[in-house]
Participant: 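Mind having a look at this structure? Questions to follow.
We name chains A, B, ... by the order of the sequence lines, and we start the count at 1 in each one.
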Protein chains: 2
Amino acid sequence: MEADTPRIEEYLESIYKLQQEQHPVSTSRLAEHLKLSAPSVSEMVKKLAKKDLVKHTEKGVCLTDEGNKIAKKVVRRHRLSERLLTDILGFKWDEVHDEACRLEHAISPEMEDRIAQSLGNPKTCPHGHPIPDKDGLFEKEKVRPLSELKANEKAIIVNVFEEDPKMLQYMACLGLLPNVCVRVEEVAPFGGPLIVCVSGSRYALGREVASKIKVK
Amino acid sequence: MEADTPRIEEYLESIYKLQQEQHPVSTSRLAEHLKLSAPSVSEMVKKLAKKDLVKHTEKGVCLTDEGNKIAKKVVRRHRLSERLLTDILGFKWDEVHDEACRLEHAISPEMEDRIAQSLGNPKTCPHGHPIPDKDGLFEKEKVRPLSELKANEKAIIVNVFEEDPKMLQYMACLGLLPNVCVRVEEVAPFGGPLIVCVSGSRYALGREVASKIKVK
DNA sequence: CCAATGTATTAGGTAAGCCTAATTATACAA
DNA sequence: TTGTATAATTAGGCTTACCTAATACATTGG
Ligand SMILES: [Mn+2]
Ligand SMILES: [Mn+2]
Ligand SMILES: [Mn+2]
Ligand SMILES: [Mn+2]
């Protein structure tokens, strides 16, 4: 029932991540995320469906239990790889996503265990996203985008969008990191910026960036 | 001039290693080492020749300068990966070859640098083989197989054959590790065993094993 | 010198993953 | 309702990297 290629892993991982924002995932969204043509994705989705890894309805693509299980394994390897890269090899958090995206397909279950063990079974990746345990379990926190906070609300950053290195650099530069407390001073109208207070400093933050930061 | 796939890397790596024992490498030997059919290898060798990565003569296959350069890069990544696995993640030396064989194709130049740096630029892999530096340079020692020693000769183990986990376990068990001093007490005739002395203990060692241990 | 053996290549084929161009289905606004 | 935009699929092709079966080439013992 296994028989996974790296590409299948990559598709399942993408579907898993996109599901968090938009439940049945559209093929076009998936194609965009994977940087592939729509027909390529269409075709592969058909294969995944035949292998019972996804269910393909009119509304879009959903992972089956089996597909979800594999996706979470890949996500675990991805996030453990990121931790290895930052915590042990000294990479910065904006440099690890692409590297991890290759490593995740080259890592054996034994290596996965060793990394987890060497790092003391970390609960999250450097960007604050949960690392599923061996059984695919993790604590999921109720979060909302920083961009939805009202003036004078205070919150703690849980995680940030990890796929844009430039944005990660910018956020690190402002101290917008997981577990950091932010206070919104002011929300400019008409989709304007948020004035936020982070560890003593005050910044004007565009909505685009603010929406990529999840807080609790 | 680059344009390498993981498979091309793997072929070049194999040719590089086989060259050390048998200079122009035969396609059949290459096929055996890569665990592929002879025609598959024949065909790929043709492609490598077209890319000027190998020279294919009647006697066999040789790496060109370009092919050699790439092969050494792969070997560097392989051996650094092994060191990462043993020194940082706690693997035993018999567990790392296959893992490294996958990692070597997934590691970026940046990660290669970081591993080397984190480990203090190691000169050899856990099995004693040299790790080429960024320019492909390394010190090559004049070695001979332990099986060629005469009675009462003493020597230091430089490296051991790394691709047979069972044999590696056996050697580790007897303390036959790189940098260890061995003395041959006796050489049984007719291809019989060697009686060797290692750190106070005496063992009878088959020729097969002894030939896979290189000493100086 | 010839048969037997071993080595290498040709011929023909498959599967995975991708692509572009063309077509069809859906949606929704005028 | 009908035209236009968006989303999805079909059709047809390509490349990479593998395979088996058959054939060609080389070596060598009898
Ligand atoms: Mn990935
Ligand atoms: Mn991450
Ligand atoms: Mn390899
Ligand atoms: Mn080694």
Participant: Less than 4.0 angstrom between a side-chain N/O of B:Lys46 and OP1 or OP2 of C:dA8, yes or no?
Facilitator: no
Participant: What is the separation between atom NZ on A:Lys59 and atom C1' on C:dA27, rounded to the nearest whole Å?
Facilitator: 12 Å
Participant: For the side chain of A:Ser40, starting at C-beta, report the closest nucleotide among D:dA8, C:dT9, C:dC18.
Facilitator: C:dC18
Participant: Taking the minimum atom-to-atom distance to the side chain of A:Lys47, which one of C:dG17, D:dA8, C:dT9 wins?
Facilitator: C:dG17
Participant: Which nucleotide wins on minimum distance to the side chain of B:Tyr11, given the candidates C:dC18, D:dC18, D:dT10?
Facilitator: D:dC18
Participant: Would one find a side-chain N or O of A:Ser28 under 4.0 angstrom from OP1 or OP2 of D:dT6?
Facilitator: no
Participant: Of all the nucleotides listed (C:dT20, D:dA21, D:dT16), which has the minimum atom distance to the side chain of A:Ser37?
Facilitator: C:dT20
Participant: So A:Thr27, base contact, sugar-phosphate only, or nothing? Heavy-atom distance under 4.0 Å.
Facilitator: sugar-phosphate
Participant: Indicate yes or no: does A:Lys17 engage A:Glu163 in a salt bridge with an N to O separation below 4.0 Å.
Facilitator: yes
Participant: Salt bridge (Lys or Arg N to Asp or Glu O under 4.0 Å) with B:Glu112: which of B:Arg76, B:Arg79, B:Arg83?
Facilitator: B:Arg76
Participant: Please determine whether side chain to side chain donor-acceptor pair (under 3.5 Å) holds for the pair B:Glu82 and B:His127, giving the CA-CA distance in whole Å, both sets of side-chain angles, and the decisive distance to 0.1 Å.
Facilitator: CA-CA 9 Å; B:Glu82 288 188 339; B:His127 315 99; 3.2 Å; yes
Participant: Please state how far atom NZ in A:Lys35 lies from atom C1' in C:dC19, giving the value in whole angstrom units.
Facilitator: 18 Å
Participant: Between D:dT9, C:dT9, D:dC18, spot the one nearest the side chain of B:Leu36, thanks.
Facilitator: D:dC18
Participant: Tell me whether A:Glu9 is salt-bridged to A:Lys73, with the criterion being a basic N under 4.0 Å from an acidic carboxylate O.
Facilitator: no
Participant: Would you say A:Arg7 places a side-chain N or O within less than 4.0 Å of OP1 or OP2 belonging to C:dC18?
Facilitator: yes
Participant: Is A:Glu186 paired with A:Lys150 through a side-chain N to carboxylate O contact shorter than 4.0 Å?
Facilitator: no
Participant: Side chain of A:Pro39 only, please: which of C:dT9, C:dT7, D:dA11 is the nearest?
Facilitator: D:dA11
Participant: Of the listed nucleotides (C:dT7, D:dA17, D:dA8), which one gets closest to any side-chain atom of B:Met44?
Facilitator: D:dA17
Participant: Just how far, in rounded Å, is P of D:dA17 from CD of B:Glu9?
Facilitator: 11 Å
Participant: Between C:dT7 atom P and B:Arg29 atom CZ, what is the distance in whole Å?
Facilitator: 12 Å
Participant: Using whole Å, report how far CG of B:Leu48 lies from P of D:dT16.
Facilitator: 12 Å
Participant: Could you tell me the separation between the CD atom of B:Glu32 and the P atom of C:dG6, rounded to a whole number of Å?
Facilitator: 14 Å
Participant: If you assign B:Val41 and A:Val41 each to the DNA chain D nucleotide with the nearest heavy atom, which residue ends up on the more 5' nucleotide?
Facilitator: A:Val41
Participant: Nearest-nucleotide wise, let me know which of B:Glu43 and B:Val25 is further upstream toward the 5' end of DNA chain C.
Facilitator: B:Val25
Participant: Over how many whole Å does the gap from A:Glu58 atom CD to C:dT24 atom C1' extend?
Facilitator: 17 Å
